[in-house]
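So the structure is just underneath, and the comments pick up after that.
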Amino acid sequence: MPELPEVENVALALRECLVGRRLTGMEVRFPGVLEPSAEAVEEALVGWVLVKVRRQGKYLLLEFGEGDRCREDIAGYSGGMREDVLAHSAGIERGYRRAVCLHLRMTGQIFVDPAYRPDQHTHLILDFDGLPVYYRDIRKFGRLALVEADADGVFAVAPPHVGPDMLEIGFAAWRERVAARRAPIKAVLLDQGVAAGIGNIYADEALFRARVHPLTPAASLADPDLRRIFNAARAVMRLAIRHGGTTYLNFVDFRGQPGNFRRKLRVYQRDGEPCRDCGETLARLVVAGRSSHFCPRCQPAPRRRKARRPTTTRPRASRASRDRS
DNA sequence: AAGATTACCTGAAGGC
DNA sequence: TGCCTTCAGGTAATCT
């Protein structure tokens with residue numbers, strides 16, 4: 001499943017392979033991936049030059065342009081600048097931009113690989129000056145959507161409710177967004193409105209490395225706990241980027257190579273196996289509708305109003321009014 | 001009103 | 001063997 005590290009690797013690949021190239025054609029095999037319609041996307045983008053790729057969380061924004069300012073953008077990338085592209089883009093509608101937002105959701109994949117052969121799950125074939133780019137998505141959740149610029153001509157990478165990227169936000173700002181939440185920390189990590197990019201795999205891995213139980217209410221966490229979670233989430237995702245991402249079921253990179261971060265997973269999908277740190281059997285439970293994997297010894301359950309003797313379970317009001325002033 | 005649940009999809013895996 | 005059910009999870013929409 002593509003999370004922040006996998007999407008970042010896609011962004012790096014698109015910048016390396018495609019920036020500076022013109023979208024010369026488009027074969028749509030399943031129109032459902034394109035919004036608002038296949039015709040609208042084709043009409044807007046064919047003939048335009050990819051000038052910039054930006055990422056926020058799991059969202060990618062592909063900016064296309066014509067005109068002089070393409071030259072400045074393209075010049076920022078060493079790989080793709082070519083004379084004919086510059087000649088084409090010169091002098092037409094200076095600085096004008098169009099953009100599409102790409103989200104791979106669960107199973108979306110991008111291939112820039114001459115050896116790739118499209119199958120029944122290949123929904124889109126883009127032609128960039130003769131270089132074919134394939135979009136494949138087994139479950140058809142992913143979308144490539146035309147987006148409008150704001151009044152200043154600026155494109156938002158992600159929809160407005162999506163929070164700052166988890167690798168961009170600072171600890172103080174993140175803590176402010178997290179500390180007010182009474183939901184389990186696992187649910188808060190997955191909430192893209194708090195900070196964008198963490199998915200189920202890296203949420204579990206971050207909580208294990210921070211030694212925090214997934215059910216711990218976010219608001220009950222002390223500063224050092226929050227600091228460990230924040231650092232662990234960023235560290236594990238940076239590490240995953242360097243290792244090409246995690247291949248669990250469906251994610252492979254743009255050349256068709258599986259990421260090799262999976263070997264480094266300590267808890268995700270390892271329930272029933274021994275903890276690599278303490279040997280305890282790893283457990284699984286459902287939090288926020290998602291399976292969560294953790295070590296019951298390394299990540300002790302949060303203190304709860306549990307009767308000491310199981311025979312005297314009496315429901316009691318929780319201490320909702322814990323002052324923290 | 002925040003938190004929980006469901007819809008969207010398909011393939012893999014397990015049960016019988 | 002083959003049919004059936006369950007599970008996987010990112011996000012938007014819907015429910016409580």
Side-chain angles (χ1 to χ4, degrees), chain A residues 1-10 29-36 55-61 101-110 118-124 135-145 147 156-163 165-166 176-207 214-220 233 237 240 245-252 258-259 261-262 265 267-272 283-294 302 318 320:
Chain A
M1 287 62 69
E3 301 182 27
L4 187 154
E6 291 75 33
V7 177
E8 175 66 10
N9 280 319
V10 172
R29 299 181 163 205
F30 174 68
V33 303
L34 296 173
E35 289 181 354
R55 183 189 61 75
Q56 178 184 341
K58 303 163 196 167
Y59 293 85
L60 281 181
L61 188 82
C101 179
L102 172 65
H103 198 302
L104 301 173
R105 296 285 184 100
M106 300 291 297
T107 53
Q109 299 168 292
I110 299 280
D119 60 6
Q120 75 269 29
H121 301 300
T122 306
H123 307 312
L124 198 56
Y135 175 75
R136 179 176 189 262
D137 187 355
I138 292 175
R139 290 165 74 173
K140 298 179 176 174
F141 286 177
R143 290 292 178 267
L144 188 68
V147 292
V157 179
H161 62 270
V162 174
D165 189 85
M166 190 60 194
E176 197 171 320
R177 289 162 166 264
V178 166
R181 301 284 296 268
R182 266 183 287 180
I185 182 63
K186 171 72 185 281
V188 175
L189 285 176
L190 291 175
D191 185 341
Q192 302 297 297
V194 171
I198 306 179
N200 207 34
I201 296 175
Y202 297 108
D204 281 0
E205 294 299 312
L207 289 175
L215 281 176
T216 314
S220 75
M237 290 196 292
T246 301
T247 299
Y248 211 85
L249 293 175
N250 287 296
F251 185 80
V252 294
F261 189 72
R262 183 175 171 179
L265 296 179
V267 289
Y268 182 77
Q269 288 277 307
R270 293 193 63 240
D271 49 301
R284 186 188 91 99
L285 56 79
V286 175
V287 183
R290 260 82 135 242
S291 62
S292 298
H293 314 80
F294 66 103
S318 64

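None of the values given here were measured: they were computed from a predicted structure. These values consider heavy atoms only, across backbone and side chains, with no hydrogens, waters or symmetry-generated copies. Naming convention: chains lettered A, B, ... in sequence-line order (proteins, then strands); numbering from 1 in each chain.
By the side-chain contact (heavy atoms from CB on, under 4.5 Å) test, A:P160 is found to be paired with no residue, residues two or more places apart in sequence or in another chain being considered. Remark: A:R284 pairs with no residue by the salt bridge (charged side-chain N to carboxylate O under 4.0 Å, His left out) rule, at least two apart or across chains. Here A:Y59 pairs with A:H103 under the ring pair (Phe, Tyr, Trp, His ring centres under 6.0 Å) rule; sequence neighbours left out. In this structure, the salt bridge (charged side-chain N to carboxylate O under 4.0 Å, His left out) partners of A:R143, at least two apart in sequence or on a different chain, are A:E35. Annotation: side-chain contact (heavy atoms from CB on, under 4.5 Å) contacts of A:A180 (sequence neighbours excluded): none. A search for ring pair (Phe, Tyr, Trp, His ring centres under 6.0 Å) contacts involving A:H123 returns A:F30, not counting sequence neighbours. Scored by the side-chain contact (heavy atoms from CB on, under 4.5 Å) test, A:A196 finds A:V162, A:Q192 as partners (sequence neighbours excluded). Residues passing the salt bridge (charged side-chain N to carboxylate O under 4.0 Å, His left out) test with A:K58, sequence neighbours excluded: none. For A:E3, there are no salt bridge (charged side-chain N to carboxylate O under 4.0 Å, His left out) partners two or more places apart in sequence or in a different chain.
Of the candidates C:dT11, C:dA8, C:dA12, the closest approach to any side-chain atom of A:P159 belongs to C:dA12. Of the candidates C:dA8, B:dG11, C:dG10, the closest approach to any side-chain atom of A:Q120 belongs to B:dG11. Candidate nucleotides C:dT11, C:dA12, B:dG3 were compared by shortest atom distance to the side chain of A:H161, and C:dA12 ranks first. Distances from the side chain of A:N200 to the nucleotides C:dA12, C:dG10, B:dG11 place C:dG10 closest.
C:dA13 and B:dC9 have their P atoms separated by 14 Å, given to the nearest Å. Separating the C1' atom of B:dA1 from that of B:dT5 is a span of 16 Å, rounded to the nearest Å.
The heavy-atom pair separating A:P184 from A:V287 by the smallest distance is CB-CG1, 3.8 Å.
Contact annotation: A:Q192 reaches the phosphate of C:dT11 (side-chain N/O to OP1 or OP2, under 4.0 Å). Residue A:H103 places at least one side-chain N or O under 4.0 Å from the OP1 or OP2 atom of C:dT11.
The CZ-P distance, from A:R136 to B:dT10, rounds to 13 Å in whole Å. Following rounding to the nearest Å, A:L189 (CG) and B:dG3 (P) show an atom-to-atom distance of 13 Å. Atom CD1 in A:I201 sits about 11 Å away from atom C1' in C:dA8, given to the nearest Å. Summarising the geometry, the separation between CD on A:E6 and C1' on C:dG10 is reported as 13 Å, rounded to the nearest angstrom. The CG atom of A:D191 sits 8 Å away from the P atom of B:dG3 (whole-angstrom rounding). Atom CD in A:E3 sits roughly 13 Å away from atom C1' in C:dT11 (whole-Å rounding). When rounded to the nearest whole Å, the span between CG of A:L190 and P of C:dA12 equals 14 Å. Rounded to whole angstrom, the span from the CG atom of A:L60 across to the C1' atom of C:dG10 amounts to 14 Å.
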Run the numbers on A:R55 and A:E8 for side-chain contact (heavy atoms from CB on, under 4.5 Å), then give the verdict.
CA-CA 7 Å; A:R55 183 189 61 75; A:E8 175 66 10; 2.6 Å; yes

Can you give me the dot-bracket string for DNA chain C, 5' to 3', counting Watson-Crick and G-U wobble pairs with both distances under 3.5 Å, using [ ] for crossing pairs and | for partners on another strand?
.|||||||.|||||||

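For the pair A:R290 and A:R284, nearest-nucleotide mapping onto DNA chain C gives the more 5' position to A:R284.
Proximity of A:Y135 to A:T122: side-chain heavy atoms (C-beta onward) are nowhere separated by under 4.5 Å.
A:R177 has no carboxylate O lying under 4.0 Å from a charged side-chain N of A:D191, or vice versa, which leaves the two without a salt bridge.
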Show the distances under 3.5 angstrom between N or O atoms of the protein and N or O atoms of nucleotides 14-16 of chain C.
none

Please tabulate, one pair per line, each protein N/O and nucleotide N/O from nucleotides 7-9 of chain B that are separated by under 3.5 Å, including the distance.
| residue | atom | partner | partner atom | Å |
| --- | --- | --- | --- | --- |
| B:dC9 | O2 | A:R139 | NE | 2.5 |
| B:dC9 | O2 | A:R139 | NH2 | 3.2 |
| B:dC9 | N3 | A:R139 | NH2 | 3.3 |

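Nucleic acid contact class of A:F30 (heavy atoms, under 4.0 Å, all strands): none.
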